[in-house]
Amino acid sequence: MAKWFKIDLWKRVLVALVLGLGAGLALRYGMGPEASGPFAIKWIGWLGDLFLRLIKMLIVPLVFFTLVSGVVAMGDPKKLGSLGGRAMGMYFGTTAVAVTLGLIAGTIIRPGASLSADVFSGVDSSAITAKKATAEQAGGFVERLLQIVPTNPFEALATGNILQVIFFSILFGIGILMARDLGKPAAKFFDSASEAIMKVTIIAMEMAPFGVFALMLVVMADKGFGVLQSLGLLTLALYLTCAVHIVLTYGGIIKFLLRLPLKPFIRGVSDAQAVAYSTSSSGATLPVTITCVNENLGVDKSIAASVLPLGATINMDGTAIYIGLVALFGAQAFGIDVTLGQYVMVAVMATLVSIGAAGIPSAGLLLSAAALEQIGLSETNALLIIGFIYPFDRLLDMMRTLTNVTGDAAVATAVGKWENAFDREVYIAEDRF
Ligand code: ASP
């Protein structure tokens, strides 16, 4: 038992991920694809659900307590401006690179070229329209901006509306600062509460190896690698582009922009990556991302708690890559020639969709209709493409979620370093095996 805890958590989690993958596939090929899914869900599913519930439980209190105490720790509301500006700039910059890479890959690999339009004849896309609603926030742009302001912060906390929680927490932190001496007990309370909730996250993370094992097992038993048969080139294009983006863009940020060694970063975020990969939800992964960035990468709580929740909601580079790929996939399947102007429009759409998509499974795919329509597909045909990919989306979603979360962590590290809220010693300490 003591030996178990001595092994670094990230190693345990990665081994669990591989074991879950292997066990799931073994089950699938042992029992047959029809029986293995329901069997795995029935017997192991609960373990994955338990872990998911545990980390989801932490999202709201973790963001609320740490963000309020983070704002108070900054001591000066003006710092929030520079921090917010830097984070947003980096989020946009990395997403722009991601979209470009996605479009280049889609043009070279041509994932949809071998399909002919008649493969879509059996697709039932009627369910997609209903599912789409969960993947986006309702209303137009102005309305969405307005909705960031909660009319009832307790309701925002209760329903887990992260942007509203961020908004209220920042203002409340500023309020505590403005209350000066009278605000001190509140400051102390949030400081202590945020410390405590971080510890609870560490307890929950001890469940991660089991949770990740179970989640991977269920996905593999249920879905297997079927995606490779139907969407092999799309899968290849996405995995490859995400890997290139992680290595070149995020690696470049860490190594050349921040002048930090790369190994500690990779090691420090691997827990969050494994949880992102097995849950397909950057929202659910958020508590793990915050803990990794703070505990392993040495970024101050104040930065981690403000930059990361924002990133989990608006920064989705993997999703942006994917939307570009899906748009080209659709064009190729329907034999449409894409003009330069359409490329630009798809890039813009992919960026907007990646910002608007919720950090939940398959959100990116469900919202890709906008980009497909830019490329000249009718709404019906756009829905056909989405309906065609949807049953196989899981394995694709896992990779883009991993990329989304890695991007959030890279930006948080950069902002932490630039804002002098970064502990090099802690970061370097990860540079061991
Ligand atoms: N599942 C992704 C996420 O949570 C979003 C997407 O579907 O691309 O980050």
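As the structure lists them, so they are numbered: ligands from 1, and atoms in each ligand from 1. Keep in mind the model is a prediction, meaning the values are calculated, not measured. This chain uses plain numbering: 1 for the first residue, then up along the sequence.
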S.K.: Return the minimal non-hydrogen interatomic distance between A214 and G48, and the atom names on each side.
M.R.: CB-N, 3.4 Å
S.K.: Could you check whether the rings of F392 and F388 sit parallel, tilted or perpendicular, using 30° and 60° as the cut-offs?
M.R.: perpendicular
S.K.: Determine whether the side chain, the backbone, both or neither of S362 has a heavy atom under 4.0 Å from any heavy atom of ligand 1.
M.R.: backbone
S.K.: Under 4.0 Å from a heavy atom of N404: which atoms of ligand 1 are those, numbered in the order shown and with their elements?
M.R.: 2 (C), 3 (C), 9 (O)
S.K.: Within a distance under 4.0 Å of any heavy atom of S280, pick out the atoms of ligand 1 and give their elements.
M.R.: 1 (N), 4 (O)
S.K.: Under 3.5 Å, N or O to N or O, is L365 touching ligand 1 that way?
M.R.: no
S.K.: Counting only heavy atoms closer than 4.0 Å, does ligand 1 sit against the backbone of I360, its side chain, both, or neither?
M.R.: backbone
S.K.: Assert yes or no for the condition that the ring centre distance of F210 to F51 is strictly below 6.0 Å.
M.R.: no
S.K.: Tell me which part of S282 gets within contact of ligand 1: side chain, backbone, both or neither, using heavy atoms under 4.0 Å.
M.R.: both
S.K.: Less than 6.0 angstrom separating the ring centers of Y250 and F265, yes or no?
M.R.: no
S.K.: Could you tell me if Y343 and T107 have a donor-acceptor pair between their side chains, going purely by distance under 3.5 Å?
M.R.: yes
S.K.: Sort out for me which residue in T319, T100, D317 forms a side chain to side chain donor-acceptor pair (under 3.5 Å) with T95.
M.R.: D317
S.K.: Which of the numbered atoms in ligand 1 are below 4.0 angstrom from a heavy atom of G364?
M.R.: 6 (C), 7 (O), 8 (O)
S.K.: For ligand 1, which atoms sit closer than 4.0 Å to a heavy atom of T319?
M.R.: 5 (C), 6 (C), 8 (O)
S.K.: Do S362 and D393 meet the criterion of a side-chain donor-acceptor pair at a distance under 3.5 Å?
M.R.: yes
S.K.: To which protein heavy atom is atom 1 (N) of ligand 1 closest, and what is the distance rounded to 0.1 Å?
M.R.: D397 OD1, 2.7 Å
S.K.: In terms of atom number and element, which parts of ligand 1 are under 4.0 angstrom from non-hydrogen atoms of S281?
M.R.: 4 (O)
